[in-house]
Engineer: 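Take a look at this one; I'll ask things after.
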Amino acid sequence: MTPRKSPKAPPFCPNPKCRFHCGATTSWRWVGNGTFTSGRSRRSTQRYICLQCGRSFSTRTFRSTYWLKRPDIFFRVARGLVSCSGFRQLAAGFNVSPQTVARHAARLGRQSLLFHEQMRSKKAVVEPLALDSFVSFTYSQYSPTHFHFAMGRDTHFAYGFTESQVRRSGTMTPGQRACRAFLEDKFGRPDPKAREKDVAALLQIVGERAARIDLTTDEDQAYPRAIRRSALPIDQSTVSSKAPRTTSNPLFASNLHDLQVRHGSSNHKRETIGFSKRVASSIERMWLHLVWKNYVKSFSEKTRGETPAQQAGFTERKWSFREIFRRRRFPDRIVLPERWKAHFAGATPTWGFGSGKNNPLVFAY
Ligand SMILES: [Zn+2]
């Protein structure tokens, strides 16, 4: 009889309540619990039991594709979502339901956020920043959403974002005004200070531990208020939003990012029918896009050289989606800022979101 090969040691216990989930694993004891084969690959998978908490798990528990029926399309969905494909298009291409793609997209977004935070938290900001808000809408044009981005002015590294749901403004027909009044009567008016509060929240995340921050914004009055609210040592300079959007504009990193998001994400195209129906889902796609831009895509399309993350000193190499998402990251092992915990949980409510026949916006689209 050939002696049984002992299974490869698992990295930690996947049970967040177990002391060997986050703590040192030198005294951790576990046993192998046989193998099983399943799924399309029919590959054999090792099972384990944690002798501390009794949790049963397998090598698959540590892969970002755990429990997915179609793990084979996970990376392709990631690439599709940053190349301007909608959920339905991808679903048709892979012969799966749009809900399957939506589930993959949500997980990709959550894993992107954890990966980025693991990288970003390595060091404080040292370069000058550009801050600008990307304007889109979620669910209907009556609920505009602003995504506030802090960008490295020299490296184009996206440090992070927060979002605000604001009141629809601009030119409206009398009918549209009446519709807005009707919705505000039903759902309440969005917080007029949302932008100021949400930009301050972003600055607090990004500016934590920084000695001083050199920040460029446009002349929007919400920014100085947000800076005061953040109580951080920030030197602000402003550029008119009418200034030419060339490479010498100090907001170039923001303007370029804006363009890249619109170009690469089908849900933010103007006049699209593929817009996001929920803010939470829009946030998840934004995180995936951010990770792609920071760690996968070259700083310059022409030279195909370093990524923004390499330029900003957060990593020494270029990453592929496959490398980033191979290993599952656990939320209890990476400390997320409070605001981004809500992003991770998909807990951001969508203003004006009703359902079925009670939904007053159904007539609009
Ligand atoms: Zn355990």
Side-chain angles (χ1 to χ4, degrees), residues 1-75 77-78 100 102-122 205 208 280 283-284 287-288 291 295 314-315 319-348:
M1 201 173 124
T2 46
R4 270 182 54 197
K5 225 171 68 186
S6 61
K8 195 171 163 258
F12 51 87
C13 178
N15 176 8
K17 294 204 174 78
C18 178
R19 77 180 176 98
F20 293 112
H21 184 60
C22 296
T25 52
T26 39
S27 61
W28 184 34
R29 290 174 58 238
W30 50 267
V31 286
N33 187 29
T35 58
F36 67 96
T37 51
S38 74
R40 295 154 74 95
S41 69
R42 312 304 300 169
R43 238 181 271 150
S44 145
T45 303
Q46 177 67 47
R47 228 198 293 262
Y48 305 89
I49 291 177
C50 169
L51 293 179
Q52 175 72 22
C53 69
R55 170 68 60 93
S56 166
F57 57 95
S58 76
T59 45
R60 284 198 193 184
T61 315
F62 300 97
R63 286 193 211 139
S64 55
T65 52
Y66 71 109
W67 286 351
L68 287 180
K69 257 190 276 174
R70 291 290 306 272
D72 55 309
I73 63 168
F74 194 58
F75 305 106
V77 168
T100 300
R103 208 173 305 124
H104 282 233
R107 185 174 298 176
L108 286 162
R110 292 193 299 267
Q111 288 292 315
S112 296
L113 167 54
L114 292 178
F115 174 78
H116 173 66
E117 186 54 17
Q118 209 175 16
M119 293 293 197
R120 187 199 70 92
S121 58
K122 285 184 195 168
I205 296 172
E208 202 201 353
I283 289 169
E284 284 151 3
W287 278 115
L288 175 67
V291 158
Y295 307 94
F314 288 95
T315 175
W319 291 72
S320 70
F321 269 158
R322 201 168 272 279
E323 290 164 329
I324 291 170
F325 298 124
R326 183 179 293 144
R327 191 160 64 78
R328 173 182 172 195
R329 287 174 173 79
F330 290 72
D332 288 276
R333 290 170 53 86
I334 295 164
V335 186
L336 287 176
E338 281 306 313
R339 180 64 189 247
W340 290 351
K341 277 185 189 163
H343 286 186
F344 186 89
T348 312

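Just follow the structure's listing: the first ligand is 1, and inside any ligand the first atom is 1.
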Engineer: Indicate yes or no for a side-chain donor-acceptor contact from Gln111 to the backbone of Arg328 under 3.5 Å, with no hydrogens or angles considered.
Structural biologist: no

Engineer: Taking salt bridge (Lys or Arg N to Asp or Glu O under 4.0 Å) as the definition, give me every residue that meets it alongside Arg120, ordered by chain and number, with sequence neighbours left out.
Structural biologist: Glu117

Engineer: Relative to the ring of Phe57, is the ring of Trp28 parallel (under 30°), tilted (30 to 60°) or perpendicular (over 60°)?
Structural biologist: parallel

Engineer: For the aromatic rings, using the six-membered ring if either is Trp, is the centroid distance between Phe115 and Trp319 under 6.0 Å?
Structural biologist: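 Ring-ring flag for Phe115/Trp319: true, centres closer than 6.0 Å.
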
Engineer: Who passes side-chain hydrogen bond (donor to acceptor under 3.5 Å, both in side chains) against Arg103, sequence neighbours left out?
Structural biologist: none

Engineer: Sequence neighbours left out, what passes side chain to side chain contact (heavy atoms under 4.5 Å, CB included) with Phe74? Give chain and number order.
Structural biologist: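 Once residues adjacent in sequence are excluded, the partners of Phe74 under the side chain to side chain contact (heavy atoms under 4.5 Å, CB included) criterion are Ser64, Thr65, Leu68, His104, Arg107, Leu108, Phe325.
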
Engineer: Could you grab the protein N, O or S atoms closer than 2.8 Å to the Zn ion (ligand 1) for me?
Structural biologist: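 Near the Zn ion (ligand 1), below 2.8 Å, one finds Cys13 SG, Cys18 SG, Cys50 SG, Cys53 SG.
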
